[in-house]
Amino acid sequence: MEQANPAAEVPTARNRKVVLREYITRAPREDDMLLVDGGAVPLRVPEGAAGPAVLVKNLYLSCDPYMRGRMRDNHNSYIPPFKPGSVIEGLGVARVVDSTHPGFAAGDIVSGMTGWEEYSLIEKPEQLNKIQQSDIPLSYHLGLLGMPGFTAYAGFYELCSPKKGEFVFVSAASGAVGQIVGQLAKLHGCYVVGSAGTNQKVELLKDKFGFDAAFNYKEEPDLTAALKRYFPEGIDIYFENVGGSMLDAVLVNMRMHGRIAVCGMVSQHGMTDPVGIHNLFFLVPKRIKMQGFIQSDFLNLFPQFLDDVAKHYRDGKIVYVEDMSTGLDNAPAAFVGLFSGKNVGKQVVCVSQE
């Protein structure tokens, strides 16, 4: 609740925040995060700021699997770990409250890295993207038109080099990235199969996202046989989101000169002793190209991605599903749910609807 402070003549607001309790080595739990009262914050950029800065009111926060890695005491990753006792960081959509940066003004809507709190001071505002409000919901800039959508777009087109008529398999296919990969593949003229962890998600893949087929991996005692059933001629492209036994089964079923884009391995996130892969030798006789990537490798394509995917959405050629939790106090549960498949679609937390 924003309120005037007559003494300082600067309005202040209560600022609740979610902080990391301590580093973990297992799957995350809700009690690894604490909701704390950060007290009243002035709704102005501090005069002593080191450089141009932007103060924002957070509207939507993104829950993404990569954040699990930032809960470990691991300083060798592409992104540094969170600090115990400090606010958790993630991608968000926010409204600018005050700015000393010439590129941003009060009232602007922006997306970028922010804190899991009601108000955040962004000290590197050059990393923010200004959002032009349109008929597309603001929260979609954390999914369809955000990092997950761009991950799908860059990974599929740049790493997979798809050709019309090829056979495409997507794991974790109903998630934020997978649902877009599958639809892009269909638009490209490919045959697409997805896997998911519930029958509800399987039906979503077929009925809403237009996959040619889908299966519940939890109901398949033999994943190698399941993939052989759905791909009797083999797999040309695998968009990898889970790792473990699924990757092993895929390697056996790949076609000659197949491509595997390694986006993530969510099945391994909670393991202190990750499961090894037994079928890597198939890379050799089948001449398979398998490559990991991060969407920021392809930022030069981001404007083209926005144009292409926004047009597909407006033309009804791509649909999108998000799972919205309301309230900062529900953010820890929303995040933890990612690792047990509780979310259906892209997981987002609404902090304020304004």
Side-chain angles (χ1 to χ4, degrees), residues 54-64 90-99 101-116 118-120 122 124-157 174-188 204 208-210 295-296 298-328 334 343-354:
V54 173
L55 180 71
V56 300
K57 180 175 184 177
N58 292 309
L59 306 178
Y60 299 97
L61 300 175
S62 178
C63 296
D64 297 297
L91 294 168
V93 169
R95 174 178 60 83
V96 175
V97 176
D98 188 38
S99 172
H101 188 285
F104 301 96
D108 286 347
I109 303 297
V110 297
S111 65
M113 195 63 71
T114 187
W116 276 29
E118 291 171 296
Y119 294 88
S120 293
I122 310 298
K124 294 182 179 179
E126 62 276 6
Q127 297 179 359
L128 296 174
N129 294 308
K130 196 180 297 185
I131 295 173
Q132 300 300 324
Q133 295 192 62
S134 67
D135 55 319
I136 298 178
L138 286 179
S139 59
Y140 280 25
H141 288 270
L142 296 178
L144 178 67
L145 299 179
M147 183 269 287
F150 187 50
T151 297
Y153 184 92
F156 182 63
Y157 289 120
S174 68
V177 175
Q179 60 175 281
I180 301 174
V181 173
Q183 292 179 85
L184 291 175
K186 286 300 299 176
L187 287 173
H188 204 76
L204 190 69
K208 192 170 184 70
F209 299 136
Q295 51 85 28
S296 57
F298 303 98
L299 287 180
N300 61 302
L301 299 177
F302 194 77
Q304 179 186 334
F305 151 73
L306 285 178
D307 290 344
D308 290 350
V309 174
K311 186 177 188 305
H312 287 327
Y313 176 76
R314 290 191 174 101
D315 291 345
K317 294 180 179 178
I318 281 183
V319 296
Y320 195 65
V321 172
E322 65 179 5
D323 195 328
M324 181 79 74
S325 295
T326 301
L328 190 62
N343 59 302
V344 178
K346 167 63 186 169
Q347 184 66 63
V348 177
V349 176
C350 176
V351 180
S352 174
Q353 294 179 312
E354 292 210 324

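Hydrogens, waters and symmetry mates play no part in the numbers below; they use all other heavy atoms, side chains included.
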Engineer: Tell me whether the centres of the aromatic rings in Phe150 and Phe302 are closer together than 6.0 Å.
Structural biologist: yes

Engineer: I need the minimum non-hydrogen distance between Leu128 and Gly112, along with the two atoms involved.
Structural biologist: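 That would be CD2-CA, 4.0 Å.
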
Engineer: Start with the C-alpha gap between Val56 and Val110, add the side-chain angles, then the distance that decides, and say whether side chain to side chain contact (heavy atoms under 4.5 Å, CB included) holds.
Structural biologist: CA-CA 9 Å; Val56 300; Val110 297; 4.2 Å; yes

Engineer: Working to the nearest 0.5 angstrom, can you tell me the gap between Leu144 CG and Glu322 CD?
Structural biologist: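 Going from CG on Leu144 over to CD on Glu322, the span is 9.5 Å.
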
Engineer: Grab the two heavy atoms, one from Ser352 and one from Asn58, that are nearest each other, plus how far apart they are.
Structural biologist: CB-O, 3.9 Å

Engineer: Quick check: Tyr313 with Tyr140 (ring centres under 6.0 Å apart)?
Structural biologist: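 That pair passes the under 6.0 Å test.
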
Engineer: Check the pair Phe209 / Lys186 against side chain to side chain contact (heavy atoms under 4.5 Å, CB included), numbers first and verdict last.
Structural biologist: CA-CA 9 Å; Phe209 299 136; Lys186 286 300 299 176; over 6 Å; no

Engineer: Go through the steps to decide whether Val309 and Ile180 satisfy the test side chain to side chain contact (heavy atoms under 4.5 Å, CB included), and finish with yes or no.
Structural biologist: CA-CA 9 Å; Val309 174; Ile180 301 174; 5.5 Å; no

Engineer: Donor-acceptor pair, distance only, cut-off 3.5 Å: does the side chain of Asn343 make one with the backbone of Ala334?
Structural biologist: no

Engineer: Could you tell me whether a side-chain N or O of Gln179 sits under 3.5 Å from a main-chain N or O of Val321, the two making a donor and an acceptor?
Structural biologist: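 It does hold such a pair.
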
Engineer: I would like to know whether Leu142 and Met147 meet side chain to side chain contact (heavy atoms under 4.5 Å, CB included); could you show each step before the answer?
Structural biologist: CA-CA 6 Å; Leu142 296 178; Met147 183 269 287; over 6 Å; no

Engineer: Only counting residues at least two apart or in another chain, list the ones meeting salt bridge (charged side-chain N to carboxylate O under 4.0 Å, His left out) with Asp64.
Structural biologist: Lys346

Engineer: In Å and rounded to the nearest 0.5 Å, what is the CG to OG distance from Leu59 to Ser111?
Structural biologist: 11.5 Å

Engineer: Measure across Val349 and Gly327 and return the closest heavy-atom pair with its distance rounded to 0.1 Å.
Structural biologist: CG1-O, 3.5 Å

Engineer: If you round to the nearest 0.5 Å, how far is CD1 of Ile109 from NZ of Lys57?
Structural biologist: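 So the gap between those two atoms works out to 11.0 Å.
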
Engineer: What's the shortest heavy-atom distance between Ser99 and Phe104, and which atoms?
Structural biologist: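 So the two residues come closest at OG-O, 2.9 Å.
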
Engineer: When you check the side-chain N and O atoms of Gln304 and Tyr153, is any donor under 3.5 Å from an acceptor?
Structural biologist: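 Indeed, the side chains of Gln304 and Tyr153 share at least one donor-acceptor pair under 3.5 Å.
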
Engineer: Go through the structure and list residues passing side chain to side chain contact (heavy atoms under 4.5 Å, CB included) with Ala185, not counting sequence neighbours.
Structural biologist: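 With sequence neighbours excluded, Ala185 shows a side chain to side chain contact (heavy atoms under 4.5 Å, CB included) to Phe156, Val168, Cys190, Val192, given in chain and number order.
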
Engineer: Return yes when atom NZ of Lys130 has more than 12 non-hydrogen atoms of other residues, nucleotides or ligands closer than 6.0 Å, and no otherwise.
Structural biologist: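 Buried by this count: over 12 neighbours within 6.0 Å.
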
Engineer: Between the main-chain N or O of Ile122 and the side-chain N or O of Ser120, is there a donor-acceptor pair closer than 3.5 Å?
Structural biologist: no

Engineer: Where is the tightest heavy-atom contact between Val54 and Pro125, given as atom of each residue plus distance?
Structural biologist: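 Closest approach of Val54 to Pro125, heavy atoms only: CG2-CB, 3.6 Å.
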
Engineer: Distance from Arg314 atom CZ to Ile136 atom CD1, nearest 0.5 Å?
Structural biologist: 4.0 Å

Engineer: Are any side-chain N or O atoms of Gln347 and backbone N or O atoms of Asp323, one a donor and one an acceptor, separated by less than 3.5 Å?
Structural biologist: yes

Engineer: At what distance, to the nearest 0.5 angstrom, does CG of Leu187 lie from CG of Asp308?
Structural biologist: 10.5 Å

Engineer: Would a distance-only check, ignoring hydrogens and angles, find a side-chain to backbone donor-acceptor pair under 3.5 Å from Gln183 to Val319?
Structural biologist: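 Pair found, side chain donor or acceptor close to backbone of Val319.
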
Engineer: Could you check whether atom NZ of Lys208 has more than 12 heavy atoms from other residues, nucleotides or ligands sitting under 6.0 Å from it?
Structural biologist: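 Count not over threshold, so no.
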
Engineer: Counting distance only, does the side-chain N/O of Thr114 pair as donor-acceptor with the main-chain N or O of Gly92 below 3.5 Å?
Structural biologist: no

Engineer: Specify the closest pair of heavy atoms between Cys63 and Trp116, including all atoms of both residues, with the distance to one decimal.
Structural biologist: SG-CH2, 3.9 Å

Engineer: To the nearest 0.5 Å, what is the distance between CG on Leu61 and OG on Ser139?
Structural biologist: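 Answer for the CG-OG pair, Leu61 versus Ser139, is 11.5 Å.
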
